[in-house]
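Scroll down for the structure; my scribbles are underneath it.
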Amino acid sequence: MAYIHESDGSSSSSHQNPKSTAKWAASLENLLEDPEGVKRFREFLKKEFSEENVLFWLACEDFKKTQDKKQMQEKAKEIYTTFLSSKASSQVNVEGQSRLNEKILEEPHPLMFQKLQDQIFNLMKYDSYSRFLKSDLFLKHKRTEEEDEDPPDAQTAAKRASRIYNT
């Protein structure tokens, strides 16, 4: 479990995949598939006052995996009241949310939020994600990761060996 020290943005974590920052930098999809990446991105978005975007995206992902009809109704209502209604506590800014109403929540289907989720994904991808990759929060994490690596000589030899045997 990673411990976050908000004051200086540094953290200590014992179990980290080597070069997770490289994966995060490769694509927003990679970042969102990694729980540690999501946590860092959320920290960043919180500072930008747009954390609701990633929370909405994650809620939609969870919603799509829901099989039980009753659970699906509950989650649909929760997503609507938290992110989409005019009185939402963490309202996301998407087009078409006005067309969603209480009635549609009675007959939910797994992809009912897909268009809105795609809008938020694109908003994050072309806006906050690029800023995240330039942020101190990301760059500090990347530096920490690089400092924690094995000595470069041993690693290079291991990489060379794996290349030789894997071809």
Side-chain angles (χ1 to χ4, degrees), residues 1-2 4-11 13 16-17 19-145:
M1 190 74 196
I4 313 258
H5 307 288
E6 302 250 344
S7 58
D8 65 350
S10 68
S11 69
S13 173
Q16 249 178 19
N17 297 338
K19 290 290 187 199
S20 54
T21 51
K23 280 192 274 187
W24 303 348
S27 74
L28 179 56
E29 290 86 344
N30 287 354
L31 175 71
L32 294 171
E33 282 168 11
D34 181 349
E36 180 70 15
V38 168
K39 194 162 102 183
R40 300 288 170 174
F41 194 44
R42 279 183 63 183
E43 265 179 80
F44 172 74
L45 292 177
K46 208 177 273 184
K47 290 177 180 170
E48 289 212 331
F49 305 101
S50 61
E51 186 188 20
E52 68 280 355
N53 290 338
V54 75
L55 294 176
F56 172 71
W57 189 88
L58 292 165
C60 290
E61 282 299 286
D62 178 57
F63 177 76
K64 285 191 280 194
K65 294 174 191 143
T66 306
Q67 302 292 313
D68 181 69
K69 198 80 168 159
K70 185 151 178 53
Q71 255 192 323
M72 198 181 273
Q73 275 182 324
E74 287 167 15
K75 286 183 181 183
K77 280 195 175 104
E78 197 178 313
I79 287 172
Y80 179 78
T81 55
T82 307
F83 302 106
L84 300 170
S85 96
S86 56
K87 298 184 273 299
S89 53
S90 301
Q91 192 176 30
V92 291
N93 186 11
V94 286
E95 287 175 44
Q97 69 198 77
S98 57
R99 286 193 294 276
L100 277 180
N101 57 33
E102 303 286 335
K103 205 171 184 177
I104 195 171
L105 300 176
E106 297 306 316
E107 287 298 319
H109 58 89
L111 299 177
M112 66 187 279
F113 297 117
Q114 189 64 53
K115 279 195 174 104
L116 303 179
Q117 186 186 10
D118 290 345
Q119 280 183 45
I120 288 298
F121 180 84
N122 286 328
L123 180 72
M124 291 190 300
K125 184 174 184 170
Y126 298 110
D127 186 40
S128 41
Y129 173 63
S130 52
R131 283 197 306 280
F132 170 70
L133 295 179
K134 295 175 193 140
S135 72
D136 285 345
L137 200 134
F138 174 79
L139 297 171
K140 268 185 195 166
H141 188 68
K142 189 176 176 183
R143 274 196 300 277
T144 307
E145 206 174 64

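Keep in mind that this is a model prediction, so the values were computed, not measured.
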**Message:** Whether E36 and R40 form a salt bridge (side-chain N of Lys/Arg under 4.0 Å from carboxylate O of Asp/Glu) is what I want to check.
**Reply:** yes
**Fill in**
With sequence neighbours left out, the residues meeting side-chain hydrogen bond (donor to acceptor under 3.5 Å, both in side chains) with W24 are D34
**Request:** Check whether any side-chain N or O of Y80 sits under 3.5 Å from a backbone N or O of K75 as a donor-acceptor pair, and report yes or no.
**Result:** no
**Complete:** Nearest heavy-atom contact between L32 and V38 is O-CG2, 3.5 Å
**Asked** Does S89 reach the side chain of T82, with side-chain heavy atoms less than 4.5 Å apart?
**Response** yes
**Request:** Measure the OG-CG distance between S50 and L123 for me, rounded to the nearest 0.5 Å.
**Result:** 7.5 Å
**Request:** Quick one: do F63 and E78 satisfy side chain to side chain contact (heavy atoms under 4.5 Å, CB included)? Show the steps, please.
**Result:** CA-CA 10 Å; F63 177 76; E78 197 178 313; over 6 Å; no
**Prompt:** S86 and Q91: which non-hydrogen atoms are nearest, and at how many Å?
**Reply:** CA-NE2, 3.9 Å
**Prompt:** Checking Q71 side chain against T66 main chain: does a donor-acceptor pair fall under 3.5 Å?
**Reply:** no
**Prompt:** For E107 and K69, what are the C-alpha separation, side-chain angles and deciding distance, and is it a side chain to side chain contact (heavy atoms under 4.5 Å, CB included)?
**Reply:** CA-CA 9 Å; E107 287 298 319; K69 198 80 168 159; 4.1 Å; yes
**Item:** Contact summary for L133 and L139, nearest pair of heavy atoms
**Value:** O-CD2, 3.9 Å
**Message:** I'd like to know if the side chain of Y129 and the backbone of S27 have a donor-acceptor N/O pair within less than 3.5 Å.
**Reply:** yes
**Interatomic distance, F83 atom CZ to W57 atom CH2 [nearest 0.5 angstrom]** = 13.0 Å
**Item:** Closest heavy-atom pair and its distance - P110, M72
**Value:** CG-CE, 3.8 Å
**Request:** Identify the heavy atoms of F138 and A25 that sit nearest to each other, and give their distance.
**Result:** CZ-CB, 4.0 Å
**Request:** Please round to the nearest 0.5 Å and tell me the distance separating atom CZ of F132 and atom CG of L28.
**Result:** 10.0 Å
**Prompt:** For atom CD of E29, is the number of surrounding heavy atoms from other residues, nucleotides or ligands below 6.0 Å larger than 12?
**Reply:** yes
**Approximate separation, where rounding is to 0.5 Å, of N93 CG and L84 CG** = 11.0 Å
**Request:** Give, for atom CG of L137 and atom CZ of F44, the distance between the pair rounded to the nearest 0.5 Å.
**Result:** 8.0 Å
**Prompt:** Is any side-chain N of the basic residue among K77 and E106 closer than 4.0 Å to the acidic one's carboxylate O?
**Reply:** yes
**Asked** Among all residues two or more places apart in sequence or in another chain, which pass the salt bridge (charged side-chain N to carboxylate O under 4.0 Å, His left out) test with R131?
**Response** E48, D127
**Prompt:** Any side-chain heavy atom of I120 sitting closer than 4.5 Å to one from E52?
**Reply:** no
**Prompt:** Nearest 0.5 Å, what's the OG1-CG distance between T81 and L105?
**Reply:** 8.5 Å
**Prompt:** Does K64 have any side-chain hydrogen bond (donor to acceptor under 3.5 Å, both in side chains) partners at least two apart in sequence or in another chain, and if so, which?
**Reply:** E61, Q114, Q117
